[in-house]
Trainee: 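Structure provided below as structure tokens; questions to follow.
Order of the sequence lines fixes the chain letters, A, B, ..., with proteins taken first and strands second; residue numbering starts at 1 for each chain.
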Amino acid sequence: MSASREGSGRKLGAIVVALALIAVAGIVAADAIRLGAVRTFGPGIGPRAFPWAIAIGLALLGLANLVVALRGKAVEAAPVEMGPALWVIGGLVGQIVLLSFAGFSIATGVLFGMTARGFGRGPLWLTIPIGAALSFVLYVIFTKALALTLPAGPLEKLV
Amino acid sequence: MDAFVSLAGGLAVALQPTNLLFCLIGVTLGTAVGVLPGIGPALTVALLLPVTFKLDPAGSLIMFAGIYYGGMYGGSTSSILLNTPGESSSIVTALEGNLMARAGRGGPALATAAIGSFVAGAIATLGLALLAPYVVSVALAFWPADYFSLMILAFATVSAAFGDSALRGLTSLFLGLALGLVGIDLMSGQARLDFGVPDLLDGVEVTTAAVALFAIGETLFVVSRKGAADETIEPIKGSLWMTREDWKRSWKPWLRGTAFGFPIGAMPAGGAEIPTFLSYATERRLTKHPEEFGKGAIEGVAGPEAANNASAAGTLVPLLTLGLPTSATAAIMLAGFQQYGLNPGPLLFAAKPNLVWGLIASLFVANALLLILNLPLIGLWVRLLSIPRPWLYGGILVFATLGTLGANPSLFELGSLLALGLLGFGLRVFGYPIAPVVIGLILGPMAEVQLRRALAISQNDWTVLITSPISAVLLTIAALAVILPIVLKTREKGIVFGEDD
Amino acid sequence: MPVPLRRLLAAAAILATAAAGGPALAANLKIIAPASPGGGWDQTARSMQQAMQSEKIAGSVQVENVPGAGGTIGLAQFANRAKGDPHQLIVGGYVMVGAIIMNDAPVTLDAVTPLARLTGEYEAIVVATDSPIKTIGEVIDKLKANPGSVSWGGGSAGGTDHIAAGLIAKAVGVDPTKVNYIPFSGGGESLAAVLGGQTTVGVSSYGEFDAQVKSGKLRVLAITAPERVPGIDAPTMKESGVDVEVQNWRMVAGPPGLTPEGKAEILKTIDDMAKTKTWRDTLKTKGWTDTYLAGDAFTAQLKEDIAKAHTILRDIGLAE
């Protein structure tokens, strides 16, 4: 996991992470302020107390992370190749997009194929149908044997 | 000795060939459905409930017990092998268990989980048979203030045990706490951090988050490494079975895990997660091999798995003695009883002793059957890992999304899976630990609700946290858990080593 | 993954024989359960499924779970997708009414066609047997003296239990926002709190308490029924001088835009289903009280219940 020492890009990454934490703290705090307008019933602390505590904690941690990052003492970010990761992310997005009209099997086949592609295996015209066939079997088991519902498409309508 | 006679009578019922067969079908079905990620024992039981409709009450409840334990067992199998915990109580198992599997020690990990579950289940079932009335009175003595302090103890021990950087661990924990705020606040009915999206009103589903952060985040991390596709995991390095050393390192965690799981599981708001956290933290503290934690330490699988199983038997204590369903599974068990017009509780013990003792005995039998069935299969399970990475990870993603969709067929849930998966990826890239996020997500809302309940009952009197003896003791232990290691560390630092890493 | 598959297929074979199958005499139906598998609405939907299939009232009946936000997510999806289709149904209940109001849900029950109330339960106010409180009158006196000193343990905030507590306070002239209502997420947890004397009283559907009442661990102080209920040894709220009546019901509704013929057809299906032996047996074994009310009578009752819930939730401070 240890990477090369150099690279201001890595340091920049740590700074961005710290700033993101502070931003999250801001969102939580803003929501707590919004809750201020809400009436509550009965005694005890209301729905705002914990969000405030968490927002303050996150903000402090964000600042601490920022200090560490600015001093260049943050843990090196692991070197990543985004190309293959994008294939997998694309597969997950593709599944979500296809699910409602192409049905579970085809959409999940695409996920399977694109994940394999991310790991350097293909071709997609072969892996997607393999994934779809596997998913189709799972679909039949889930919907027929367990009476659960999964999104159906043209393939699923066949059974 | 009455209980022993009754238990023996129960065993006679459970060991009747037909009932044994029902139990066998139950554990097989339960394991098969339980291995699907995102589908925990409660959902497994709910899905398979119709199968039991046609049987007589005894046979049906026995199959039930089998399905339940089978579901739990299946859940830990997928946690260890695929890093996809199907329920919140096997999240801790995934931590060390999956690391062991990747290091070629999946065999011992699965074995210690199975045997630990058996040991814990057997002891806890015995406890259920013999001690139920006493345990339940202790459990009912826990008030909201005491629960809050128990959760503080869990926070204190667990956060002290995670990661090598306190700053990074705490940062992850607070991210989890923030995620835990999303949705309708139970105590006030107000929506928080929902951004006007109705799908967010129910909050972030713990199992979705765990599967996303662990399995999806990791898949993305692995695929983005150079030469990822060509590496293979060697499924068996060293012995497939537990070695002498493994046994030596496992038996104490099994017993300690049981000691955490059974009583906390019996508490109406105890749950199965806290005992697994406490067990993990304890084992990490007591181990003679601290260097292995974070790389796959067998104690970290043995203890939490035992705790998980013992707490399951624990939830049957309030169910059978008082008729209180305190977990999702217990609620479904209650439905199982009710389909025969039976209401669990003290009356059931008196009115249908054969049935109750038959059920308790069949828990024993189910446990034993699981062990017999699954130990020989470990070799097969482990070989799953020898599947080349493209297909293995493709399969993991298929199963992860399937489990999520099966539990809640909504595109939004899949979207959350992706978003949290990206979060997990990011955390990994920048070196933040994942587990504290999930722990914050689980414990945060529980702690908040209990504190607010305590303050509502006491009408805003904060001293309940110290005036309740249970709470005072728990808070003291929590304080010690945080302070002692620091003191010890500074002493070690000063006297022995002269410097810390 | 050969192993789980093989086992799953074995499971499938066993399950297939267990599943009820019959010739398709009537239409195929789909019932939406706007909750996770296992809960009350899911059980209602699956019981309907069983009754309709085994008594051959419908061909195949499919249950689909769309959980989330007190049923409002399932409701919104149903109203959009099922429009005008007389072969789709949704199950729901009084809790959904509260959830719609509190979450300010964009899709309300106005967007569907209410068909029938199927089951219902009255709320019971209980204490542990060893509690010093013996009558509902004592609770009310305590409530009037110091509203915060009476803690009520029940289900989720804004749910039927909370509505009942608010209505009681209001009826005796106590500010409903002062009600010290303590929500619990599951039946078991709130029961434990009542049994352990953590909350002053417990308030929930009577069925939640039945086993404990019968075993002598809980005492029922009052029920929110219009008249005494056989088998429950407790006065009504009205008898005790508190004019409160609440029923926690479950219902079935159809999609919007049904033709009169379509509505009549589906109402008849439900009517037939409610009369079957399978359904009556289910009610008995599950301990559900039959409060069947169909058609226009139910629509009117529903309107009244919604208005009542809205008013009290506003009084409690949970709704605009």
Side-chain angles (χ1 to χ4, degrees), chain B residues 25 28-29 31-33 35-36 42-43 46-48 50-51 53-54 139-141 143-144 184 186-189 191 198-199 201-202 268-269 318-319 322-328 330-332 335 338-341 343-347 377 380-381 384 395 407-410 449 453 456-457 459, chain C residues 1-4 7-8 10-11 14-15 18-19 36-39 42-43 46 50 64-70 72-73 76 102-103 105-106 148-149 151 156-159 162 180-189 191-193 195-196 198-199 210-212 214-215 217 284-287 318:
Chain B
I25 297 174
T28 314
L29 286 178
T31 313
V33 178
V35 291
L36 298 170
L43 189 51
L47 291 173
L48 295 177
V51 189
F53 277 149
K54 312 245 149 137
L140 283 185
W143 283 46
I184 292 173
L186 175 72
M187 295 304 290
S188 69
D199 294 278
L201 290 177
D202 282 343
L319 181 68
L322 299 173
L324 301 187
T326 55
S327 66
I332 287 168
Q338 283 170 341
Q339 60 172 307
Y340 297 103
N343 272 314
L347 293 181
L377 286 178
L380 261 178
W381 283 122
L384 271 184
N408 182 2
S410 90
V449 160
R453 250 179 222 155
I457 289 174
Q459 298 194 60
Chain C
M1 298 191 186
V3 178
R7 293 164 135 226
L8 272 169
I14 294 170
L15 280 160
S36 306
D42 175 65
Q43 286 187 44
R46 287 179 197 268
Q50 214 191 358
E64 185 178 335
N65 297 88
V66 189
T72 53
I73 294 191
M102 295 211 349
N103 305 343
S149 70
S151 50
S156 60
H162 197 175
N180 190 358
Y181 184 80
I182 300 176
F184 288 84
S185 45
E189 235 188 293
L191 257 175
L195 284 174
Q198 297 174 17
T199 60
D210 186 55
Q212 282 68 37
K214 291 214 173 100
S215 63
K217 294 201 180 287
K284 213 174 290 160
T285 53
K286 302 241 185 216
L318 286 171

Trainee: Under 4.5 Å heavy-atom distance to chain C, tell me which part of B/L140 shows up: side chain, backbone, both or neither.
Mentor: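 Contact with chain C is through both the backbone and side chain of B/L140.
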Trainee: Looking at B/L186 and C/A157, what are the two nearest heavy atoms and their distance?
Mentor: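 Distance-wise, the nearest heavy atoms are O-CB, 3.7 Å.
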Trainee: Can you tell me which of C/G196, C/G148, C/S156 forms the most heavy-atom pairs within a distance under 4.5 Å of chain B?
Mentor: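 Counting heavy-atom pairs under 4.5 Å, the top option is C/G148.
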Trainee: Please report the shortest heavy-atom distance between C/P183 and B/R453, naming the atom on each side.
Mentor: O-NH2, 2.9 Å
Trainee: Minimum heavy-atom separation for B/I457 and C/T199, please, with both atom names.
Mentor: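 Closest pair (atom of B/I457, atom of C/T199, distance): CD1-CG2, 4.5 Å.
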Trainee: Heavy atoms only, distances under 4.5 angstrom: which of C/A76, C/S149, C/A193, C/G159 has the most pairs with chain B? Name it, please.
Mentor: C/S149
Trainee: Atom CZ in C/F184, atom CE in B/M187: separation rounded to 0.5 Å?
Mentor: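 Reported value, rounded in 0.5 Å steps: 7.5 Å.
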Trainee: Can you name the residues that form a side chain to side chain donor-acceptor pair (under 3.5 Å) with C/S151, not counting sequence neighbours?
Mentor: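 Listed in chain order: C/T200.
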Trainee: Checking B/A191 against chain C: side chain, backbone, both or neither under 4.5 Å from a heavy atom?
Mentor: neither
